[in-house]
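Working notes for the structure below.
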Amino acid sequence: MSLPSNLATLDGAPLAPDVLADKVILFVNVASKCGLTPQYSGLVELDKAYGDRGLVIVGVPCNQFGKQEPGSPEEIKDFTKTKYDVDFTLLEKQDVNGPDRSPLYQFLVGDGPDIGWNFGKFLVGRDGQVIERFEPQTPPNDPALKAAIEQALG
């Protein structure tokens with residue numbers, strides 16, 4: 001199985017293939033009304049620290065955990081930009097667990113356990129394969145996460 005090529009942005013537009021091509025990608029299922037929402041700040045910092053070296057942060061809004069991402073695409077975009085200055089890619093809302101799990105999360109999770117909560121993280125290498133999974137409680141500034149990013153960037 002490989003990374004789906006038909007991803008859509010929060011606006012519903014197709015994600016340009018060159019956004020992810022030959023990049024190291026950190027996919028994160030995000031939510032605006034979660035106790036872990038302040039992790040957006042750390043994700044913005046990762047984007048600033050490693051973006052020039054080829055890291056792409058991709059937020060994937062998900063409303064499956066406590067209905068903590070109920071907003072429309074416009075509300076999500078406004079919240080993340082205003083509160084956290086997010087300018088990394090946000091995809092359309094997706095289910096990460098269950099029978100309606102999106103193709104992206106079918107690929108990311110594979111045979112692994114379900115996502116436990118908002119802000120689960122998957123690091124994908126330049127070859128399009130999952131390198132490592134980090135649980136929601138792992139903050140973006142976690143040394144193990146940063147080390148994995150560094151190694152993937154080369």
Side-chain angles (χ1 to χ4, degrees), residues 1-47 49-51 53-71 73 76 80 86 88-154:
M1 189 173 219
S2 61
L3 187 62
S5 59
N6 60 341
L7 299 174
T9 65
L10 190 57
D11 298 328
L15 181 65
D18 63 323
V19 172
L20 304 181
D22 197 36
K23 301 288 197 271
V24 173
I25 312 158
L26 185 66
F27 287 100
V28 185
N29 62 301
V30 295
S32 300
K33 300 185 181 306
C34 174
L36 299 176
T37 300
Q39 285 193 23
Y40 267 123
S41 293
L43 294 171
V44 168
E45 291 304 313
L46 284 179
D47 188 43
Y50 297 107
R53 292 179 52 198
L55 178 69
V56 175
I57 309 285
V58 178
V60 185
C62 176
N63 197 37
Q64 285 189 290
F65 303 105
K67 305 287 184 213
Q68 295 179 343
E69 189 58 276
I76 295 167
T80 59
V86 168
F88 54 76
T89 300
L90 292 172
L91 298 181
E92 64 187 347
K93 248 190 234 189
Q94 298 181 29
D95 281 356
V96 301
N97 289 333
D100 295 324
R101 177 181 279 163
S102 72
L104 172 61
Y105 274 85
Q106 289 175 32
F107 165 73
L108 293 173
V109 172
D111 293 331
D114 280 351
I115 307 290
W117 198 251
N118 301 308
F119 290 88
K121 299 159 194 72
F122 289 86
L123 187 63
V124 174
R126 293 183 195 274
D127 63 356
Q129 297 304 305
V130 176
I131 295 171
E132 197 164 345
R133 176 179 177 166
F134 296 88
E135 294 306 312
Q137 297 76 15
T138 303
N141 65 352
D142 182 82
L145 174 57
K146 287 178 136 183
I149 290 169
E150 288 275 355
Q151 184 173 2
L153 290 171

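Keep in mind that what you see is a predicted model, and the values were worked out from it rather than measured. Every heavy atom of this structure was used, including side-chain atoms; hydrogens, water molecules and symmetry mates were not.
The two residues P4 and F107 make their nearest non-hydrogen contact at CD-CB, 4.2 Å. The two atoms that bring A148 and E132 nearest to each other are CB-OE1, 3.8 Å, heavy atoms only. Residue L153 comes nearest to R126 through the heavy atom pair O-NH2, 3.6 Å, listed as atom of the first residue, atom of the second, then distance. Closest approach of C62 to A31, counting heavy atoms only: O-CB, 4.1 Å. When all heavy atoms are compared, the tightest approach of C34 to P38 is O-CD, 4.1 Å. Nearest heavy-atom pair across L55 and L46 is CD2-O, 4.0 Å.
Within the 4.5 Å cutoff, the side chain of V56 has no heavy atoms near those of the F88 side chain. Taking the side chain as every heavy atom from C-beta outward, R53 and E150 approach each other to under 4.5 Å. Using a 4.5 Å heavy-atom cutoff, the side chains of L91 and L15 are in contact. Put simply, the side chain of V28 reaches to within 4.5 Å of the side chain of L26, judged on heavy atoms. Between V30 and L36 the shortest side-chain heavy-atom distance does not fall below 4.5 Å. No side-chain heavy atom of Q94 sits under 4.5 Å from any side-chain heavy atom of P61.
Under the 3.5 Å distance criterion, with hydrogens and angles disregarded, no donor-acceptor pair is assigned to the side chains of N141 and E45. Side chains of K121 and Q39: a donor on one and an acceptor on the other come within 3.5 Å.
Between D47 and the choices V86, T89, I57, the side-chain contact (heavy atoms from CB on, under 4.5 Å) rule is met once, by I57.
Counting non-hydrogen atoms of neighbouring residues, nucleotides and ligands closer than 6.0 angstrom, the CD atom of Q151 reaches no more than 12 such neighbours.
In this structure a side-chain-to-backbone donor-acceptor pair under 3.5 Å is present from E69 to S32. Side-chain atoms of D11 do not come within 3.5 Å of backbone N or O of A13 as any donor-acceptor pair. Judged purely by atom type and a 3.5 angstrom limit, R101 has no side-chain atom pairing as donor or acceptor with the backbone of Q106. Using a distance-only test at 3.5 Å, with no hydrogens or angles considered, no donor-acceptor pair links the side chain of D100 to the main chain of D95. Of the possible polar contacts, none joining the K146 side chain to the P140 backbone as a donor-acceptor pair under 3.5 Å is found. For the pair N97 (side chain) and I115 (backbone), a donor-acceptor distance under 3.5 Å is present.
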*Criterion ring-ring contact (aromatic ring centres under 6.0 Å, His included) on Y40 and F119, from CA distance to verdict*: CA-CA 9 Å; Y40 267 123; F119 290 88; 5.6 Å; yes
*Could you go step by step and tell me if N118 and Q68 meet the side-chain hydrogen bond (donor to acceptor under 3.5 Å, both in side chains) rule?*
CA-CA 9 Å; N118 301 308; Q68 295 179 343; 2.8 Å; yes
*Evaluate the criterion side-chain contact (heavy atoms from CB on, under 4.5 Å) for residue pair V58 and L20; output intermediate values, then yes/no.*
CA-CA 9 Å; V58 178; L20 304 181; 4.0 Å; yes
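Classification of R133 and E135 as a salt-bridged pair holds, one side-chain N sitting under 4.0 Å from a carboxylate O.
Taking CG of L3 as the start and CD of Q129 as the end, the distance is 8.5 Å to the nearest 0.5 Å. Remark: L104 CG to F27 CZ distance equals 5.0 Å, nearest 0.5 Å. The distance from atom OG1 of T80 to atom CG of L43, rounded to the nearest 0.5 Å, is 11.0 Å. A distance of 6.0 Å separates OH of Y50 from CD1 of I149, quoted to the nearest 0.5 Å. Rounding to the nearest 0.5 Å places OG of S5 at 7.5 Å from CG of L7. One distance of note links CG of N29 with CZ of F122; it measures 8.0 Å at 0.5 Å rounding.
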